[in-house]
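The basis for the numbers below is simple: all heavy atoms, side chains too, and nothing from hydrogens, waters or symmetry mates. Counting starts at 1 for both ligands and their atoms, in listed order.
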Amino acid sequence: MEKAEAEPSASADSARPWQSYTTVYTNAKAGMDGVDKEKVQRTVYEMSKGSKYFENEERKEAFIRQKIDNMRARCAKLSASDISHYQMVADKRILELEATRDLSRIWLHVDMDAFYAAVETLDNPSLRGRPMAVGGMSMISTANYEARKFGVRAAMPGFIARKLCPELIFVPTDFKKYTYYSDLTRKVFQKYDPNFMAASLDEAYLDITEVCNERDLTSGEIAEELRTSVHEVTGLTCSAGVAPNRLLAKVCSDINKPNGQFVLPSNRMAVMTFISSLPIRKIGGIGKVTEHILSGVFGINTCEEMLQKGGFLCALFSRSSADFFLSVGLGLGKTDTPQVRFRKSISNERTFSATDDTALLYQKLAELSEMLSIDMQKEGLSGRTLTLKLKTASFEVRSRAVTMQKYICSREDILNHALKLLNAELPLSLRLIGLRISHFNEDKDGHLSDPTQKTLANFIISGDASGKNVCEHSLLGSDTSDSHFMVDPENDLSIDNHETCHYVSEDLLDSNLLSDLDHCNFNLSNNSGKIDNNNELPLNGSVAKVYMNFKD
Ligand code: DCP
Ligand code: MG
């Protein structure tokens, strides 16, 4: 097993402190290749310095640095026999994972270009060609490609975006509009795969194996046709990626953005070549934290290096996390189509300028309840567990849950329970409220379930109707990345709802680390490394631990 050589410690260059200040919005998105990264980082640093967000980011950074140091120390302590043992474990696991490789399906990932911004431009053509962002001074949802040249991007506070690009035009968000266009795109997707999987308003996965065979067209031709059709129906452009699995298809759709496509052929050699130099951050589920840890502890920067350092990964991570990393190294991903009715939860959330104005907070909660209710009714779903997510002015993330005796789906019922949860926390200054509903009225086969049949986990949740002792932090994600509810990177395509989209789960390890930061006393009982599909709490504690990635 090779040595786990680590990059030099992340100590900041005191002359250029901004170089080590990375946030989700200093990470490049499509269309940001030529950006003066140093200038953006310096501006972001200078404008954030001293803010609560900044303090929180620094706290996280310090924690990650410490985690890296600890893990490096653990690597250094591994004896020669430990190392050869874990190398054998890794080799065996790699063979087992390789045996699961399925190259029989063709997956297409489609992602609309600068979606909200493009919709707004359709509505107001005078915006065309001018740098614009959707959102406001506190936060922007997206920026068009003209604005991206200045380093402006989604999840960036608007006041920083304006500093980077003084000409920037701001357009307020209008979710009804985006939902309308999203529905139009889905009608097109349906023609190519009736069981397509929507991952967010602007993004979907389609299994195009059948349509390619039936029409005797190549996957590239189908992708081309689908994109043309989306454009004809909506006036909007999109990009597509084609690959033998969903994980790779998503990576591929970003390669030729905007208005482009990339096809990765369905053969092992092509996949391995593609993966060999792919930066790990391109993979869904690997965000800033995981990237820092893998790079800082093991010197892993490309997907291929996951295999080279497999022994160390098996030594230091739980089996599920190590499996995830090794399968990334092999370019493996999901190829099956889960039952549509596997949807486990629906959620949405809103970020706004921090406020302690109770009337305003109630109003936000009412809007979220209404949106959630509409989405549930569209799907014919009712749920029993309602979870409230809050982010305080100082960026602390809290979650409170309650499980009801009966299933609910109306705006009034949702709001009623949400208000109880919120009131128990007030007075408080908040910058984000989210609502999630789960425990639907059907089992995994789509049958109606019996609400009186309580699982132990249900009992634990319902036993705490106040929600006071329930910290579902990890279930919902923590104060991470783009700060949305946490879902399985590409499995849980269920959250398909307004602001709560795919960009939620930027990081596999993040929630684990940051939950510690938030002083949650986690019960490390679930070793799945994935979101708990039933949203259930562990059996012996008041705290849900869904992501358990490190070995104790
Ligand atoms: N979105 C958001 N907040 C974020 C990220 C995205 O509200 N932090 C919204 C606005 C986007 C839409 O979701 O328009 C789709 O997200 P994408 O990540 O696909 O970004 P875009 O479609 O805007 O741009 P791209 O061309 O890179 O896909
Ligand atoms: Mg998009």
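Cation-pi check for Arg431 over Phe352 is not met; the charged atom does not lie both under 6.0 angstrom from the ring centroid and within 45 degrees of its normal.
Asp111 contributes OD1 and Asp202 contributes OD2; the angle these two atoms make at the Mg ion (ligand 2) is 90°, rounded to 10°.
For ligand 1, the atoms closer than 4.0 angstrom to any heavy atom of Ala155 are 8 (N).
Met112 lies close to the Mg ion (ligand 2), since one of its N, O or S atoms is found at a distance under 2.8 Å.
Between Phe196 and Tyr205, the gap from one ring centroid to the other reaches at least 6.0 Å. Outside the 6.0 Å centre-distance limit, the rings of Phe115 and Tyr181 are not counted as a close aromatic pair.
The shell of residues lying under 4.0 angstrom from ligand 1, judged by heavy atoms, excludes Met156. For Pro258, the heavy-atom gap to ligand 1 stays at 4.0 angstrom or more. The shell of residues lying under 4.0 angstrom from ligand 1, judged by heavy atoms, includes Tyr145.
Between Phe115 and ligand 1, a contact under 3.5 Å exists for at least one N or O pair. Between Met112 and ligand 1, at least one N/O pair is under 3.5 Å apart. For the pair Lys29 and ligand 1, the shortest N or O to N or O distance falls below 3.5 Å.
Donor-acceptor pairing under 3.5 Å is lacking for the side chains of Glu55 and Ser51. No hydrogens or angles considered: a donor-acceptor pair under 3.5 Å links the side chains of Ser394 and Thr392.
Within the structure, side-chain hydrogen bond (donor to acceptor under 3.5 Å, both in side chains) pairs that include any residue of residues 124-136 comprise Asn124-Ser126 (at least two apart or interchain). Applying the ring pair (Phe, Tyr, Trp, His ring centres under 6.0 Å) test to pairs two or more places apart or on separate chains, those with a residue in residues 229-263 are Phe262-Phe274.
For atom 15 (C) of ligand 1, the nearest non-hydrogen atom from the set Val134, Asn144, Asp202 belongs to Asp202. Which of Ser141, Cys238, Ala30 comes nearest to atom 7 (O) of ligand 1 through a heavy atom is settled by distance: it is Ser141.
Smallest separation of non-hydrogen atoms from Trp107 and Ala249: O-CB, 3.8 Å.
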